[in-house]
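Take a look at the structure below.
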Amino acid sequence: MIIKINDFENGIHEFELIEKVEKLELDNKFFDKVKCRIKMDKSFSQIVILCDITVLAHLICDRCAETFDGEINNDFLLTYLISGDEDKTSENDNVYFLKPDQDKIDITKDVKEFVNLSIPMKILCDDDCKGLCTKCGVNLNKGNCTCSHESIDPKWLPLMKLKDKLN
Ligand SMILES: [Zn+2]
Ligand SMILES: [Zn+2]
């Protein structure tokens, strides 16, 4: 995913870059294409790129364990400082140095990295996912089970256990 910076005047530019997930060699949970909405602010001394990525992925719900396909979004900012100092490297991962004669920027590595980071910690097929029955394991999104889900007052538990034993 290459941006030919010489094709752009100084100022703000918005455009889209699209790449197949196979080309980016992403994990096989991702499929179809990665779309990057780019907002680029170019000036004489620096280029700032805001990249908004959208990708489709095969996901597994943390609550009901069903697989589903979902869209994942993430955005990141890259800063390119134009410097005559050739060997300058930055401590900050998202800051790069560009030589004054450099005519293109390759954001492939960054896109790949941020796609991999974009999987949320908690994945839900739906915010209202009902999950699985803790007793019989039925997916409660698909139907009810016959288990009793009434909350039992803890003070009655010893008595319930005794009742089970007698049965
Ligand atoms: Zn679910
Ligand atoms: Zn149940």
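Values below: all heavy atoms of this structure, side chains included; hydrogens, waters and symmetry mates excluded. Order of listing sets the numbers, starting from 1, for every ligand and every atom in it.
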message: How close do Lys42 and Phe8 get, counting heavy atoms only, and between which atoms?
response: NZ-O, 2.7 Å
Between Asp110 and Tyr96, a side-chain donor and acceptor under 3.5 Å: yes
task: Verify whether one side chain among Ser43 and Asn10 offers a donor that lies under 3.5 Å from an acceptor in the other.
output: no
task: Have a look at the Zn ion (ligand 2) and estimate, to 10 degrees, the angle subtended by SG (Cys136) and SG (Cys147).
output: 110°
message: Within the supplied structure, the quantity of interest is the number of heavy atoms (other residues, nucleotides, ligands) at a distance under 6.0 Å from Lys142 NZ; does it exceed 12?
response: no
query: Within a reach of under 6.0 Å around CD1 of Ile60, are more than 12 heavy atoms found that belong to other residues, nucleotides or ligands?
result: no
field: Within-2.8 Å protein N/O/S contacts of the Zn ion (ligand 1)
entry: Cys61 SG, Cys64 SG, Cys125 SG, Cys129 SG
query: Between Lys29 and Asp27, is there a salt bridge with N-O shorter than 4.0 Å?
result: yes
